[in-house]
Amino acid sequence: MGLKMFFHRSLPLGISMFAVVPVLVLAHSPPWESGRRRGELVVPTSADDAALRTRIVALSPSVSPDDARRVVYTAYMTGVELRRQWRVVWLPGVQNLLVNIGARKGGLCFQWATELLVRLDALKLQTLELHWAESFVHTGAEHNVIVVTARGQPFEQGILLDNWRYSGQLVWTQVAMDPEYHWKENKSEAVRRLERAREMASKQVGEHHGQNKGSSN
């Protein structure tokens, strides 16, 4: 259990680097190299993965194929882009350690989930809803992902999208089929994170206008 928790959760700041070294040897074999499916987790093959698009459309007859296509593309590319921007390493726990000691700017699970939530929200989806999901809340094993459902559909019937678990490589599954986590929705957290993102974006725009005005004087 201890090794599994190292793979999947944040590492304490005081962890010995000698404990990290043996695990780094495993970095040469990320799980998606051995196949597209691991338990009930599925690894998309591209930003236009047909299996994921089909599964999202199948949530309800009301789901737009275009909404599904845009969700798949955005979720997949979020992992690709942030993996490069945050200089993400395999394993996720090692990335967490690097973030905690200031050697990386991002890569914690809630950062992945927040970025994905903001990007998906910007799509203004008409037939799908976004949910903030939590597991092992308020413990060292807490994990956060984004879940998509059809409009008005119960959270438990949704599809989870996780960029953190495989170090930027998107994985997905039905919420109830996750082999490693039991998920609960936190509606207020989704609202809070979106409001904070909008406030930060507004502040940046204001600062940009102020700088341009100052340079023109």
Any donor-acceptor pair under 3.5 Å linking the side chain of [X] with the backbone of [Y]?
| X | Y | answer |
| --- | --- | --- |
| R104 | R87 | yes |
| E40 | E180 | no |
| T74 | L120 | no |
| Q111 | G107 | yes |
| D49 | T45 | yes |

What are the two closest heavy atoms between [X] and [Y], and how far apart are they?
| X | Y | answer |
| --- | --- | --- |
| A47 | V72 | O-CG1, 3.6 Å |
| N186 | E134 | ND2-OE2, 2.9 Å |
| P65 | V57 | CA-CG2, 3.9 Å |
| L160 | Q174 | CD2-O, 4.5 Å |
| V99 | G106 | CG2-O, 3.4 Å |
| S167 | V88 | O-CG1, 3.5 Å |

Pairwise side-chain contact, [X] with [Y], heavy-atom cut-off 4.5 Å (strictly under):
| X | Y | value |
| --- | --- | --- |
| V137 | K184 | no |
| R119 | E81 | yes |
| Q169 | P44 | yes |
| L52 | I159 | yes |
| W164 | N96 | yes |

Given side chain to side chain contact (heavy atoms under 4.5 Å, CB included), test E129 with R151 step by step and report yes or no. CA-CA 5 Å; E129 290 184 356; R151 290 273 177 189; 3.6 Å; yes
Report whether V191 and L128 are members of the same hydrophobic cluster (ILVMFWY, side-chain heavy atoms less than 4.5 Å apart, transitive linking).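 In one cluster with V191: L128, no.
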Could you walk me through whether I56 and D67 pass side chain to side chain contact (heavy atoms under 4.5 Å, CB included), step by step? CA-CA 9 Å; I56 294 176; D67 275 358; over 6 Å; no
From [X] atom [atom1] to [Y] atom [atom2], the distance as rounded to the nearest 0.5 Å:
| X | Y | atom1 | atom2 | result |
| --- | --- | --- | --- | --- |
| L82 | L116 | CG | CG | 9.0 Å |
| W112 | R83 | CH2 | CZ | 7.0 Å |
| W132 | F110 | CH2 | CZ | 8.0 Å |
| I146 | N163 | CD1 | CG | 9.5 Å |
| L123 | D121 | CG | CG | 8.5 Å |
| L170 | S46 | CG | OG | 10.5 Å |

Taking D178 first and then R165, would you say they form a salt bridge - that is, a charged N and a carboxylate O separated by under 4.0 Å?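 Salt bridge flag = yes for R165 with D178.
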Charged N-O contact under 4.0 Å between R70 and D66: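 Answer for the salt bridge query: yes.
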Who passes side chain to side chain contact (heavy atoms under 4.5 Å, CB included) against R192, sequence neighbours left out?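 If we apply the side chain to side chain contact (heavy atoms under 4.5 Å, CB included) test to R192, skipping adjacent residues, the hits are E189, R196.
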List for me each residue that meets ring-ring contact (aromatic ring centres under 6.0 Å, His included) alongside W183, sequence neighbours excluded, and say none if there are none.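 Only H143, Y181 meet the ring-ring contact (aromatic ring centres under 6.0 Å, His included) criterion with W183.
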Contacts of type ring-ring contact (aromatic ring centres under 6.0 Å, His included), residue Y73, not counting sequence neighbours: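 Partners of Y73 by the ring-ring contact (aromatic ring centres under 6.0 Å, His included) criterion come out as none, since no residue qualifies.
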Exercise: do R193 and T114 side chains pair donor with acceptor under 3.5 Å: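 Yes.
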Could you walk me through whether Q157 and V175 pass the side chain to side chain contact (heavy atoms under 4.5 Å, CB included) check? CA-CA 7 Å; Q157 295 179 19; V175 171; over 6 Å; no
Counting only heavy atoms not in M77, do more than 12 sit closer than 6.0 Å to its CE atom?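 Above 12, so yes.
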Partners meeting side-chain hydrogen bond (donor to acceptor under 3.5 Å, both in side chains) with [X] (sequence neighbours left out):
| X | value |
| --- | --- |
| E156 | none |
| T149 | H131 |
| T139 | none |

Step-by-step side chain to side chain contact (heavy atoms under 4.5 Å, CB included) determination, L161 to V148: CA-CA 8 Å; L161 304 171; V148 295; 4.1 Å; yes
